[in-house]
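The residues of the chain are indexed from 1 along the displayed sequence. Atoms within each ligand, like the ligands themselves, are counted from 1 in listed order.
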Amino acid sequence: MNLPPEFIERIKKQLGHEADHFFAALHHSPPVSIRIHPRKFPKAHVWNNLPQVPWCKEGIYLTERPVFTLDPLFHAGAYYVQEASSMVISYILNQLQTPEKASLRVLDLCAAPGGKSTLLSSWLNGDGLLISNEVIRSRIPALKENTIRWGYDNVIITNNDPADFINSELLFDIVVVDAPCSGEGLFRKDTESIFHWSVENTQLCTLRQKRILEAATEIVEEGGYLLYSTCTYNPNENELHRQQIIDSGFEPVVINIPSAWNITQLSDNSMQFYPHKNKGEGFYIAVFKKIKPNSSKATFGKKNKLEIINTMPYQSWINLPDNRKLIRTEKISAIIFPDAWLDWLAFATNKLRIVHAGIEVGEIKGKDYILSHALAMSLFINKEVKTLEVDEFQARLFLSKESLVLPESIPHGYILISFQQIPLGWLKNLGNRSNNLYPQEFRIRMRWK
Ligand code: SAM
């Protein structure tokens with residue numbers, strides 16, 4: 001591993017006698033970890049017996065790196081592949097003194113591809129509202145795919161610059177800024193990142209983070225929390241911003257971390273993961289609470305009317321709880337969305353560039369309808385729907401968008417394909433043939449037969 005000399009010098013100063021252990025750890029292979037979806041992952045899976053990530057009850061260390069692309073459970077959203085250190089957000093969220101989750105507005109300001117957002121979604125577990133924002137348009141499809149797989153309806157994806165949120169006047173109870181950074185913490189996992197590193201680039205990152213934080217600090221509601229994280233060790237991208245945040249009307253939030261976890265506490269409210277001390281990659285996080293009153297606040301006076309649908313041809317496929325509504329939309333025919341957040345969505349539609357909201361249910365085409373893949377992935381599917389359980393080979397065929405040979409007993413119409421009882425997507429049985437409705441853009445492209 002050819003590390004930049006300036007990086008080596010800085011780490012030696014930062015870590016003193018520990019530096020040699022740090023550099024040695026960069027030559028070990030990175031641990032492999034996943035975070036399971038508590039409402040999807042099979043209870044009987046062998047991975048459930050593997051060691052848990054200490055700071056996240058849903059995190060599991062695997063003994064080797066499987067080919068995730070070929071695992072049907074990965075495509076079903078039964079787990080998310082995530083490096084272990086960043087899962088500490090799960091522990092931190094549980095330490096915050098927030099009001100009941102049902103009232104929480106959570107913003108993930110730098111969200112793609114969705115690691116922190118899926119963690120936040122699991123934590124909310126269908127309560128409150130999550131806004132996953134990504135400013136770079138080309139990174140939206142991956143965020144959308146991961147959001148769809150995770151299956152919750154209380155999620156909105158926006159494609160905005162952080163400054164747009166100030167203009168929107170919308171406020172949030174928790175804002176997570178997982179900032180774009182120099183990526184030093186990923187040197188071991190992704191050696192490419194070493195080539196993108198330069199002193200100039202770290203300086204650019206510092207300035208960009210400062211700008212993002214200028215917006216983020218404005219949009220936290222008084223009494224709400226700001227979580228600032230990076231995957232770098234550079235103090236100019238990490239601790240330097242602490243004072244900026246505090247000066248914007250925040251106080252540090254002390255997080256009690258068990259000493260056995262060996263996480264480096266940088267200050268009362270900030271911590272750093274190092275690969276020679278923790279089973280994970282480099283990660284920094286600091287936690288703040290807003291104490292300054294907000295100068296302006298959105299009033300939901302002039303709102304769009306969202307059209308609530310009471311009967312739909314595809315209603316029998318959905319299990320719609322009382323606190324959820326079906327909403328008519330332009331491009332697709334309907335989405336499932338939480339009742340409590342309809343006004344919020346209507347207001348935000350005029351203020352932000354919303355690229356996804358709720359669960360797309362399906363589309364009406366003439367006299368017929370097409371069920372959406374998002375419905376199959378969602379937690380709102382009617383358990384009574386016609387299902388065909390397949391083995392791993394057939395699951396891979398289905399996920400590669402190849403045709404399946406169906407048993408004669410399978411009725412005509414929509415069939416939910418499942419693997420280990422977890423839905424993978426829709427197939428339509430036409431009798432003499434079947435249509436595999438797995439989305440073209442999500443299909444397995446790798447050769448595996
Ligand atoms: N939170 C994500 C996760 O856990 O999967 C990873 C986020 S990554 C560290 C930082 C993100 O910030 C990237 O998706 C990047 O596109 C986005 N970004 C880049 N420049 C930005 C800017 N000026 N403002 C806001 N976000 C930016």
Discussion item. Against the six-membered ring of Tyr233, is Arg10 placed for a cation-pi contact (under 6.0 Å from the centre, within 45° of the normal)?
Written reply: no
Fill in: Protein residues that have a heavy atom under 4.0 Å from any atom of ligand 1, sorted by chain and number
Cys110, Ala111, Ala112, Pro113, Gly114, Gly115, Lys116, Glu134, Val135, Ile136, Arg139, Pro162, Asp178, Ala179, Pro180, Arg208, Ile212
Response to the item:
Applied to residues 84-130, the ring pair (Phe, Tyr, Trp, His ring centres under 6.0 Å) test, sequence neighbours excluded, yields Tyr91-Trp261
Worksheet entry | Pairwise salt bridge (Lys or Arg N to Asp or Glu O under 4.0 Å) hits with a residue in residues 268-283, at least two apart | Arg188-Glu281
Practice prompt. Sequence neighbours left out, what pairs pass salt bridge (Lys or Arg N to Asp or Glu O under 4.0 Å) with at least one residue falling in residues 78-100?
Written response: none
Fill in: Heavy atoms from other residues, nucleotides or ligands near CD of Glu441 exceed 12 (cutoff 6.0 Å)
yes
Item to complete: Could you tell me whether Lys13 and Glu9 have a side-chain N and a carboxylate O separated by less than 4.0 Å?
Response: no
